[in-house]
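A note on names: the letters A, B, ... follow the listed sequences, proteins ahead of strands, and every chain is numbered from 1.
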Protein chains: 2
Amino acid sequence: MSSNRLLPSLKSLLAFRYAAQSLSFKAAAEHLYVTQAAISQQIKTLEQALGVELFERHTRQVTLTTEGAYLFDYANKAFGLLEEGVKGVAEDSNPNTLVISAVPSFSNRWLVPRLGGFRIQEPEINLRLSPNSKLSTFLDTDLGVRLGEGVYKGLQSSLLFEEFLLPVCHPSLINDKEPIKKQLAKIPVITDTGPDMEHVWPIYQRFLDMYDMPINTQLHIDDSTALVEALLSRQGISMMRFSLVYEQIEKGQLVCPLPIYMKSRYDFYLVAPAHHFKRQKVMGFKRWIENEVKSIDHSWQEYTSNNPDFKEVTV
Amino acid sequence: MSSNRLLPSLKSLLAFRYAAQSLSFKAAAEHLYVTQAAISQQIKTLEQALGVELFERHTRQVTLTTEGAYLFDYANKAFGLLEEGVKGVAEDSNPNTLVISAVPSFSNRWLVPRLGGFRIQEPEINLRLSPNSKLSTFLDTDLGVRLGEGVYKGLQSSLLFEEFLLPVCHPSLINDKEPIKKQLAKIPVITDTGPDMEHVWPIYQRFLDMYDMPINTQLHIDDSTALVEALLSRQGISMMRFSLVYEQIEKGQLVCPLPIYMKSRYDFYLVAPAHHFKRQKVMGFKRWIENEVKSIDHSWQEYTSNNPDFKEVTV
DNA sequence: TCTATGATTAAGATATACTTAACTATAAAG
DNA sequence: CTTTATAGTTAAGTATATCTTAATCATAGA
């Protein structure tokens with residue numbers, strides 16, 4: 001069977017789409033930069049090919065027949081998909097602008113402070129950063145930074161680093177006199193809404209032998225910068241991603257009062273459609289960030305070797 | 001912005017679709033009834049328009065680049081939708097063949113025995129009946145008969161008749177001596193898997209004052225013809241749609257031993273895309289079946305007036 | 001080494017789609 | 001009630017996109 005049998009003139013279908021959308025041949029014509037006459041003829045051709053009336057013609061306006069309404073549904077979706085696919089694959093029209101969509105916690109606490117370095121390394125790249133929790137369609141975004149398991153349908157992902165979680169508080173909240181577990185039981189807990197937080201607190205609790213007690217959550221802060229501020233101002237203890245507090249730990253501004261950590265179920269990934277990774281600007285950014293990220297791994301190595309009794313706890 | 005900016009040549013996209021599908025320009029050419037040269041040129045045009053290579057050319061074969069693979073995903077879905085829409089809306093190519101998809105219970109017990117009448121009324125229509133529980137795409141089906149609430153996304157529906165459920169068994173299982181509830185408690189229950197059966201049995205149970213007792217389900221039969229056979233051969237009692245047993249009740253082959261019935265939450269509907277209802281053959285069938293269905297309503301009127309203590313029970 | 005296959009390219013042929021211009025019908029303005 | 005402006009239709013001619021033909025390339029398989 002000929003595919004000409006399957007599909008009538010594609011141009012006529014496109015004309016139909018716009019005509020049906022605006023219920024006006026004139027508007028469709030303007031949209032497609034042709035004359036009304038052209039649209040009129042295309043619609044006529046299409047109707048003849050289908051053997052069905054798609055529009056009811058009234059004076060100075062047209063309306064869809066039930067057939068027209070049925071077809072519009074499909075045509076609109078179909079051309080929408082084509083436009084999306086084409087836009088997603090077409091040559092990067094702004095090779096000097098790099099658009100990154102990153103989860104806010106990582107973006108604000110880690111990425112933003114370091115961007116100066118990237119601008120020095122790639123001065124001709126104009127970087128636009130949008131802190132965003134939702135995975136975009138990647139039509140206007142070059143690259144995403146996401147916290148997850150690294151599996152994103154239809155997308156390629158690249159692990160940035162392995163993430164660890166550990167309890168963190170201000171050093172002045174802890175002393176050498178009392179037993180540490182007893183002290184911690186009195187320190188308020190600050191929670192946030194992270195993807196694996198619900199798994200994390202029970203472990204902390206269990207480690208403190210607080211089996212039945214509900215977590216003492218006086219404070220819930222979702223913004224990680226604000227959360228770190230709260231920790232620095234001695235407001236409590238929280239389970240933190242190492243990547244977001246390792247600098248404070250290195251400086252002694254924050255401490256991990258228990259010799260425990262957990263492997264996070266979720267790590268940070270670079271995510272994008274496969275071909276975005278071939279773009280020069282994306283490759284440059286990836287090279288840069290992968291190098292920067294080494295400092296986190298390095299800090300982690302150092303921290304664990306300085307604290308030999310530090311050990312992993314699991315569920 | 002011009003839509004020419006949004007979409008490159010649609011023909012080239014279609015050529016790409018087939019070329020990517022078969023990973024062969026030659027095969028795509030055959031599919032589209034043109035020469036390889038035409039496909040080669042179309043692909044080249046498309047690649048130039050997008051500014052991106054879609055295929056890697058090897059000798060005597062081509063493979064998709066990552067960009068090509070990305071685009072194919074969209075193009076394939078898009079043209080699939082167009083084909084589906086076009087096929088669904090195009091003029092009926094077999095105006096003398098009527099394809100009906102009906103739920104098996106209604107089809108087998110009610111429709112099939114009556115089809116002779118339709119063939120006499122519309123002798124030139126070749127009818128194909130497919131007993132089917134799934135709603136098809138209506139690409140090859142003119143009309144569906146469905147049991148439901150009459151709301152089907154993107155489809156038009158037309159109520160055939162209101163449906164009632166009542167307990168039914170063979171008359172010899174019942175006598176005048178013992179209290180009826182006591183007798184019924186001993187009769188095995190035959191169940192089937194219907195959409196509102198779970199609501200129906202508790203009511204029956206409650207009516208028999210069997211509040212806590214589990215239903216005595218010795219027999220479960222999903223085929224309604226077999227179920228009626230089981231009832232006729234005295235194997236138990238079942239909740240039946242009036243439309244499927246009214247003839248047996250009228251003949252006295254089956255009885256409703258309790259003066260109760262329930263309005264079904266689900267009724268029978270004719271279902272199809274709106275424009276299918278304009279087809280001559282569909283209109284003819286609708287006219288015929290709506291007339292036939294009157295016998296059910298009529299029988300119901302008669303039954304309820306002959307049994308004045310018959311009453312509706314609800315949840 | 002030779003042959004056959006699948007893709008590419010240029011040039012010309014053809015079909016498709018577009019513009020122009022004259023026409024219809026009617027809503028809205030005067 | 002007449003006039004004007006608007007939206008769509010149609011026919012004829014033109015422009016353009018798309019195809020075919022035919023020559024060419026590269027190489028897998030005989």
Side-chain angles (χ1 to χ4, degrees), chain A residues 2-50 52-65 67-68 72 75 79 82 86, chain B residues 2-50 52-65 67-68 72 75 79 82 86:
Chain A
S2 160
S3 112
N4 299 316
R5 299 267 159 71
L6 285 179
L7 284 178
S9 149
L10 295 168
K11 283 202 167 174
S12 70
L13 283 166
L14 186 63
F16 167 76
R17 182 219 192 178
Y18 286 115
Q21 194 164 61
S22 51
L23 292 178
S24 155
F25 290 10
K26 194 193 180 195
E30 281 163 5
H31 207 109
L32 292 164
Y33 291 90
V34 294
T35 57
Q36 302 99 306
I39 301 296
S40 180
Q41 289 171 51
Q42 289 286 7
I43 300 295
K44 195 178 152 198
T45 306
L46 180 59
E47 288 179 325
Q48 281 168 356
L50 298 176
V52 154
E53 299 255 289
L54 298 170
F55 289 97
E56 281 165 19
R57 273 79 165 175
H58 308 109
T59 40
R60 297 168 64 170
Q61 83 166 356
V62 289
T63 56
L64 284 168
T65 61
E67 287 89 344
F72 174 62
F79 287 112
L82 278 184
V86 163
Chain B
S2 161
S3 109
N4 300 316
R5 300 266 160 70
L6 285 178
L7 284 179
S9 150
L10 295 168
K11 283 204 166 175
S12 70
L13 283 166
L14 186 63
F16 167 74
R17 182 218 191 179
Y18 285 115
Q21 195 165 60
S22 52
L23 293 177
S24 155
F25 290 10
K26 194 195 180 194
E30 281 162 7
H31 206 109
L32 292 165
Y33 291 91
V34 293
T35 56
Q36 302 98 306
I39 301 295
S40 179
Q41 290 171 60
Q42 288 287 8
I43 300 295
K44 195 179 154 199
T45 306
L46 180 60
E47 288 178 326
Q48 281 169 356
L50 298 176
V52 154
E53 298 255 292
L54 298 169
F55 290 97
E56 282 164 16
R57 273 79 164 174
H58 309 109
T59 39
R60 297 167 63 171
Q61 83 165 356
V62 289
T63 56
L64 284 167
T65 61
E67 286 89 344
F72 174 62
F79 287 111
L82 278 184
V86 162

What is the distance, to the nearest angstrom, from the [atom1] atom on [X] to the [atom2] atom on [N]?
{"X": "Gln41(B)", "N": "dT20(D)", "atom1": "CD", "atom2": "P", "result": "10 Å"}
{"X": "Lys11(B)", "N": "dC19(D)", "atom1": "NZ", "atom2": "C1'", "result": "9 Å"}
{"X": "His31(B)", "N": "dC19(D)", "atom1": "NE2", "atom2": "C1'", "result": "18 Å"}
{"X": "Tyr33(B)", "N": "dT20(D)", "atom1": "OH", "atom2": "P", "result": "13 Å"}
{"X": "Lys26(B)", "N": "dT27(D)", "atom1": "NZ", "atom2": "P", "result": "20 Å"}
{"X": "Gln36(A)", "N": "dG8(D)", "atom1": "CD", "atom2": "P", "result": "7 Å"}

Select base, sugar-phosphate, or nothing to describe what [X] touches, counting heavy atoms under 4.0 Å on all strands.
{"X": "Gln42(A)", "result": "sugar-phosphate"}
{"X": "Ser9(A)", "result": "sugar-phosphate"}
{"X": "Ser24(A)", "result": "sugar-phosphate"}

Item checked: Under-4.0 Å side-chain N/O to phosphate OP1/OP2 contact, Ser40(A) with dT9(D) ->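 Yes, because at least one side-chain N or O of Ser40(A) sits under 4.0 Å from OP1 or OP2 of dT9(D).
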
Nearest atoms (heavy-atom pairs only) where [X] meets [Y]:
{"X": "Leu23(A)", "Y": "Thr63(A)", "answer": "CD2-CA, 4.1 Å"}
{"X": "Phe25(B)", "Y": "Ile39(B)", "answer": "O-CG1, 3.8 Å"}
{"X": "Ala20(A)", "Y": "Leu64(A)", "answer": "CB-CD2, 3.8 Å"}
{"X": "Phe55(B)", "Y": "Glu47(B)", "answer": "N-OE2, 3.2 Å"}
{"X": "Ala28(B)", "Y": "Ala15(B)", "answer": "CB-O, 4.2 Å"}
{"X": "Ala19(B)", "Y": "Ile43(B)", "answer": "CB-CD1, 4.2 Å"}

Item checked: Per Arg60(B) side chain, nearest of listed nucleotides dT27(D), dT6(D), dT21(D) ->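 Side chain of Arg60(B) sits closest to dT27(D).
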
Note to self: Side chain of Arg57(A) only, heavy atoms from C-beta on: which candidate in dC19(D), dT9(D), dA22(D) is closest?
What the structure shows: dT9(D)

Check: First and last nucleotide of DNA chain C in contact with chain A, 5' to 3', at under 4.0 Å to a heavy atom: what are they?
Finding: dA17(C) to dA27(C)

Check: Relative to the 5' end of DNA chain C, which residue comes earlier, Ile39(B) or Val34(A), by the nucleotide with the nearest heavy atom?
Finding: Ile39(B)

Next item on the list: Please work out whether the ring planes of Phe16(B) and Phe72(B) are parallel, tilted or perpendicular, with thresholds of 30° and 60°.
Entry: perpendicular

Margin query: Measuring only between side-chain heavy atoms, which start at C-beta, is Pro8(A) closer than 4.5 Å to Leu13(A)?
Written below: yes

Notebook entry, point to check: Taking five pairs at each end of the helix from dT1(C)-dA30(D) to dG30(C)-dC1(D), what angle separates the two helix axes (nearest 10°)?
Noted result: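 What I find for the helix from dT1(C)-dA30(D) to dG30(C)-dC1(D) is an axis angle of 30°.
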
